[in-house]
Amino acid sequence: MGATLILIVIISTLRATLQPAGDEAVANTATPIGIMLQNLQAKIPTLSAVVWALAAMFAGLSVGRYAAKYSIYPAYTLMAIPVMGVMATAVMVSGDYLVSSVAMLLMLYATKYIHRGIMRTKSFGDLSLAMLCYGAIPLVFAPAAIFYALLPLLVLVIHNSWREWVVSVSSLVFPPLAVCYWSWCAGEEFLTPVKQIYTSLLAESEFHLFSTLNPASILLLGVVIMMVLCAVSLIISDRYSLKVNSRAVMRFNSLLLVACIAMFLLPSCTATIFAIIALPVAMLVPLIFVRMGFGFTEGLYRLMLLAAIINIIAMCWQ
């Protein structure tokens, strides 16, 4: 699994660096932290690509480790590792390597803390750390600002308590408030970063998803969507297939995936969305490998890898 991840990430990064396709080169709209990362990448473009590749490898391996460590699935599986690599890098790769890397790592640690909190500790500390990470993502990637509206509702799905809700909301809004305070200390208006995020959220990025997709990438996305739908159907239909805590984790990931998909509808969306959406997808899909027939799941897995390889080759010629 690890070798598959590393191979996919290296080939995809080389392809995106040497031969970017379609709208992969479209830059993300400016955000308080994102613009600093973009300026840094302009100074070290090659190193930025290396950082992206290392971040993708680390995220993929970590997701597989979290799934096994916290016993999220009914049986031991590391299938989250290749799924993470394929979804984050094999469909398309944003040219904003540092922005994508930071956004993906923030999603990774948010996933770690929310899963650890549900499956192990039940502590306010893990819930707060997860929400801090989610709240920091819009400071890097503007479309993620919808988290401020949707995540308080998602928390009520897994923690039906006002104490958890208050902790979640307080932690979620702390990162933008901290940046606002820094802006105020620098002599600007207190709400300048918030206004910048709002403006960037509605700004047109000129990214057009379907102009970049080719038949192979459409097939790849179709296979991943089928996997996700199968996993969600197992969560809904087979109520005894998961333990109570595991079901809460899967329910949260399912709703989080819906929130991430909503980012595609925003004008500021770019290819960085695939680095973010890969996390909930990678946590949902492995369920089908432990609950469904081997022949069916093995066929889907091989088709996914084949489509990923063909897509990488096809994008070299776009």
Side-chain angles (χ1 to χ4, degrees), residues 1 4-5 8 59-60 62-92 107-108 111 114-115 118-119 150 154 157-158 209 213 215-265 273-311:
M1 300 300 172
T4 302
L5 168 73
I8 289 175
S62 297
V63 164
R65 184 169 63 88
Y66 298 157
K69 182 178 180 180
Y70 302 132
S71 303
I72 296 173
Y73 310 110
Y76 182 86
T77 178
L78 295 175
M79 292 305 298
I81 295 176
V83 173
M84 173 71 194
V86 168
M87 195 65 198
T89 65
V91 181
M92 62 178 69
M107 279 290 288
L108 173 67
T111 299
I114 196 73
H115 288 181
I118 296 173
M119 298 298 298
L150 298 181
L154 300 190
V157 174
I158 57 174
L209 174 65
L213 295 179
S217 55
I218 293 174
L219 174 62
L220 175 57
L221 286 176
V223 173
V224 173
I225 290 171
M226 181 179 295
M227 289 179 167
V228 170
L229 291 177
C230 288
V232 173
S233 67
L234 287 173
I235 299 169
I236 296 173
S237 62
D238 191 356
R239 59 181 301 179
Y240 299 109
S241 62
L242 295 170
K243 294 179 290 187
V244 174
N245 291 338
S246 297
R247 184 176 296 278
V249 166
M250 288 300 170
R251 189 162 57 238
F252 179 82
N253 282 320
S254 300
L255 295 174
L256 181 63
L257 178 58
V258 173
C260 292
I261 291 174
M263 296 182 197
F264 280 106
L265 305 177
I273 183 63
F274 289 100
I276 293 177
I277 206 172
L279 269 300
V281 169
M283 298 309 300
L284 284 170
V285 167
L287 182 62
I288 71 172
F289 292 96
V290 299
R291 297 301 301 177
M292 301 185 73
F294 175 80
F296 175 71
T297 55
E298 184 69 14
L300 282 179
Y301 176 64
R302 292 182 179 181
L303 182 60
M304 179 187 72
L305 293 181
L306 178 61
I309 294 171
I310 296 175
N311 182 53

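Since the structure is predicted, the reported quantities are computational estimates derived from the model, not experimental observations. Quick note: residue numbers are just sequence positions, from 1.
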After noting the C-alpha distance and the side-chain angles of Ile118 and Tyr70, does the key distance pass the side-chain contact (heavy atoms from CB on, under 4.5 Å) rule?
CA-CA 9 Å; Ile118 296 173; Tyr70 302 132; over 6 Å; no
Hey, does the side chain of [X] reach the backbone of [Y] with a donor-acceptor pair shorter than 3.5 angstrom?
X	Y	value
Thr89	Val86	no
Ser62	Ala59	no
Asn311	Val91	yes

For [X], give me all partners under side chain to side chain contact (heavy atoms under 4.5 Å, CB included), at least two apart in sequence or on another chain.
X	value
Ile218	Leu213
Val232	Val228, Ile236, Ser254
Thr77	Tyr73, Met79, Pro286, Val290
Leu306	Ile310

Atom pair [atom1] ([X]) and [atom2] ([Y]), whose distance is rounded to the nearest 0.5 Å:
X	Y	atom1	atom2	result
Ile276	Leu257	CD1	CG	12.5 Å
Asn253	Leu287	CG	CG	11.0 Å
Arg251	Leu256	CZ	CG	14.0 Å
Thr111	Phe252	OG1	CZ	8.0 Å
Leu234	Leu229	CG	CG	11.0 Å
Ile235	Leu284	CD1	CG	5.5 Å

What do you reckon, is CE of Met226 surrounded by more than 12 foreign heavy atoms closer than 6.0 Å?
no
Validation row: Met92, Ser217 side chains within 4.5 angstrom (heavy atoms):
no
Kindly indicate whether the side chain of Met304, heavy atoms from C-beta on, has any atom under 4.5 Å from the side chain of Ile309.
no
Can you check side-chain contact (heavy atoms from CB on, under 4.5 Å) on Val285 and Tyr301, steps first, answer last?
CA-CA 10 Å; Val285 167; Tyr301 176 64; over 6 Å; no
Shortest non-hydrogen contact between [X] and [Y], atoms and distance:
X	Y	answer
Met283	His115	CE-CE1, 3.4 Å
Leu279	Ala275	CD2-O, 3.8 Å
Ser71	Ser246	O-OG, 3.6 Å
Cys260	Pro280	SG-CG, 4.3 Å
Ile8	Ala90	CG2-CB, 4.2 Å
Ile288	Leu300	CD1-CD1, 4.4 Å

Considering residues at least two apart in sequence or located in another chain, which fulfil the salt bridge (Lys or Arg N to Asp or Glu O under 4.0 Å) criterion with Arg302?
Glu298
Under the ring-ring contact (aromatic ring centres under 6.0 Å, His included) rule, collect the residues that match up with Phe296, sequence neighbours excluded.
none
Would you please test Ile277 and Phe264 for side-chain contact (heavy atoms from CB on, under 4.5 Å) and show each step?
CA-CA 10 Å; Ile277 206 172; Phe264 280 106; 3.8 Å; yes
Please determine whether side-chain contact (heavy atoms from CB on, under 4.5 Å) holds for the pair Ile81 and Thr4, giving the CA-CA distance in whole Å, both sets of side-chain angles, and the decisive distance to 0.1 Å.
CA-CA 8 Å; Ile81 295 176; Thr4 302; over 6 Å; no
